[in-house]
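Heads up, the thing below is written out as structure tokens.
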Amino acid sequence: MHDDRNLVEARLKRVLDERIRPAVYPEAVPLEVTVWHAPGEPVPVAEGLAAVPEPIAVGDRWGAPWGTSWFTVTGTVPVEWAGRSVEAILDLGFDENMPGFQCEGLVYRPDGTPVKGLNPRNQWVRVGAPVEGGEEVRLHVEAASNPVILDYHPFLPTKLGDKETAGTEPQYRLARMDLAVFDEVVWQLVIDLEVLGELMRELPVEGARRWEILRAVERALDAVDLQDVNGTAAAAREHLAGVLATPAEPSAHRISAVGHAHIDSAWLWPLRETVRKVARTTSNMTALLEDEPDFVFAMSQAQQWAWVKEHRPEVWARVTKAVAAGRFVPTGGMWVESDTNMPGSEAMARQFVHGKRFFLDEFGIENDEVWLPDTFGFAAGLPQIIKAAGAKRLLTQKISWSQTNKFPHHTFLWEGIDGTRIFTHFPPVDTYNCSMKGSEIAHAARNFKDKGVARHSLAPTGWGDGGGGTTREMVAKAARLRDLEGSATVTWETPADFFAKAEAEYPNPPVWVGELYLELHRATLTSQAKTKQGNRRSESLLREAELWAATAAVRTGHPYPYEQLDRIWKMVLLHQFHDILPGSSIAWVHREAERTYAAVAVELGGVIDAAQRALAGDPSSGGQLVFNAAPHARHGVAAGGASAAVAERAVDLRPRDGGGYVLDNGLLRVEIDEHGLVRSAYDLAAERESVAPGRAANLLQIHPDFPNMWDAWDVDEFYRNTVTDLVDADEVAPGDEPGSVRVVRSFGSSKAVQSLSLSGKRLDIRTEVDWHETEKFLKLAFPLDVHAERYASESQYGHAHRATHTNTSWEAAKFEACNHRFVHMEEPGWGVALVTDSTYGHDVTRTVRAEDSGTTTTLRISLLRAPRFPDPETDQGVHRFHHALVPGATIGDAVREGYFVNLPERRVPGAAEVPPLVTIDNDAVVVTAVKLADDGSGDVIVRFHEAHGGRARATLTAGFPVTGVSATDLLERPLAQPRREGNTVALALRPFELVTLRLSR
Ligand SMILES: [Zn+2]
């Protein structure tokens, strides 16, 4: 037979596009339209409905960037349409390829109850099915004229990303406001042809199935009268019924479709817009659930649920009803889908505490799965936290975005730093926005790496990023793919049902040990420095606030600010969302974040101050107390206590031969040359030099940094090809602080002022940069005389190792990586740490010296970038950093000094020494939180972990009478009863083991 395949396929495309799809709405009449443009920020629904509108016509422009326009549409259903299905078609000027990234609307009835959301792929509102004819129609649309930030030519700098710079130019043109007859038979024919046409293209040309479908499609097209599609659609469908009815092969891949809308809690829109995005999507999804009995929708991020509850009670009522029916499903158990590289130990834990508690309190639902489809890599500390939160499964698809290496599994056990293993699934569909396209389904089946031993995968299905969710078209396609020859099977299922099947069929999955590093978006560890500093500072302040408030409550009866801390925690957790903390949001988001963090600092400062004053006693006593919130004693002050402190070691500052200065405190001797570079950092006790021979530490280096795409997200490896060492100093002189050296440098349009000083074994480096560069990357380099194959960087509740070399493509791809408070490297018997109060990115490289064959391992801290998308002014302005080099540091020293630079001592007038609430007699066991129990019982919660990577025995002593002790999970629910003797508990911890104890009073 002659091969006419291309001819039939082209015919299918043209007839669908030009004749059949347009016939879905065969008749239409225009609606009357009026509009009220809200003058500023969004207004309450009642205000929008009550406003006096003005006329507007289809074709008119509307919508200043970030504005809100309330459209009112009115009309009468023609009497001759009696008995037919009628819908309102409301096209605000959509570009159908960008759902969630442009204008959107929420439709209300005149009484203010929401109907459903409008987006480019969802422009219809049902009027009646069928109508009687003559009905009066009146609908209101709260339309958001969110500007397009990520356009067809993406990553171009734009001022549209902040209301303050976006201007007032209307962004959209009203395209269609009609009442129309909806011909469901034609719509079904469209779905039939789409499903078969898409499946056909994925099937082997050599196979009979492809040709059977092709011939059926051809017969259907023959049956369509192009001048009377509506009259012939039913007959055309009959020709397709046979090929749609043949069942899938027994070995077909099985896809669990989960209705979903991945909604970024902020990104190319501000937080306040996400509140509305969630309302639109949840309105759509509750409406779709009512129409489609098999459909299941899952929504993560407790914060988004809380927004619906607070801001849209009408939608919340519909959501809770659907939750009770088991079809609108809370998934995951975190407050937001956060970044997991940068959040500190306690913050990562609290993401789960607040997320899980919301679902438990509202619905009595506790999930086993963690839902993070879009997060930019996964720290190796996470598995233990997942387990401690009472969960055991993880879902993400993001690692499929890695540029270099293909991950070897889709279903596997992920093992973290302490040995905890979590059952993990990467949907092989490689998207969180599956739309049930044949190409997606076929890709999932082909791509699945665990074929032969496993058969199930999950497909998050619905428009995401900017929201929208699943459409009726996706549901209709899924129905046809339920059991169809040539395709994977598709069943709507909850994430929990999927995981139960996946675990049951795959009892011994392969194991991946260590972090799930995303080989992309590495610059998210550095972009928007102020957001990152705000996070780190807030985490530290929350630790202090809980510690001192709990201490004051137990010691003095000072009221514990439960609700205030709860609210602030949730605010800080929200800002760890995977486009806020990573620095990949528009300018508006980061401008607001800076203000929010400042307010958080003021408020927590007040909590800390009030608690410390309550503890310190009479301020007029003339004494001074030093409060030490760190987990280790310093300057004679106990960890978590307050007392008089012993003085810091005196520092000798003297001129250096050949220029510059020498700092010496008997532990450390540091030589700073005439350029302000550190030529020597000598550990006097060990008689050991830190800086590689002939090299200089504290070296600022600047690189051009213009990635191929995703400017705020990505730094591409070629950035290293060009580097400028900033060695010229404007000034090197003794600083204002005694025993410090001040270094001033100008470069480009920027200026850096540094202060170098000694504190114990630390060389403290405080850097202030007034940054006015474009598309540059600023690093602070420390070439160290250390020979080590691997180095450690702090993660949650411990640290993880990475290679210093690039033997494999996996190691080479980690050319920019995450640290919390420290990076540490060592040879047996001697190590060195670099600690930081606020930066997260770093890189480590090694070279071998010709002169002495020694190894130079260079650690570079990432300070600042200057990408121009999505925020064209990213990081412009003044930034302050505190880093310290710690020569001779063991891993324990790195842990301790890391805490010290993040938790400065506080001096408070008073005489009443404050003994710690809790003491642990082994420095390897590090307390991460002391607080009162969230249940208001007054019990003291203490959380700690083994921090050196070894085993630890210790005794915990409570500084108050204890009546009972229990080990709990992160949600403070009892797990076990440790042996207690009076106020002490004997501890034995595994490497990195995390423990939470509840001490009853
Ligand atoms: Zn996302």
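Computed over heavy atoms, backbone and side chain alike; hydrogens, waters and symmetry mates excluded. Ligands are counted one by one from 1 in listed order, and the atoms in each one are counted from 1 as well.
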Asp374 backbone or side-chain N/O/S under 2.8 Å from the Zn ion (ligand 1): yes
Please find the N/O/S atom of His262 nearest to the Zn ion (ligand 1) and write down its name. NE2
Once the angle between the rings of Trp401 and Trp710 is folded into 0 to 90°, is it parallel (under 30°), tilted (30 to 60°) or perpendicular (over 60°)? tilted
Looking only at the aromatic ring of each residue, does the gap between the centers of Phe577 and Trp267 stay below 6.0 angstrom? no
Do Phe412 and Trp512 make the cut of ring centroids closer than 6.0 angstrom? no
Of all the atoms in Asp264, is at least one N, O or S atom closer to the Zn ion (ligand 1) than 2.8 Å? yes
Can the positive tip of Arg121 be found less than 6.0 Å from the middle of the six-membered ring of Phe94, inside 45° of the ring normal? no
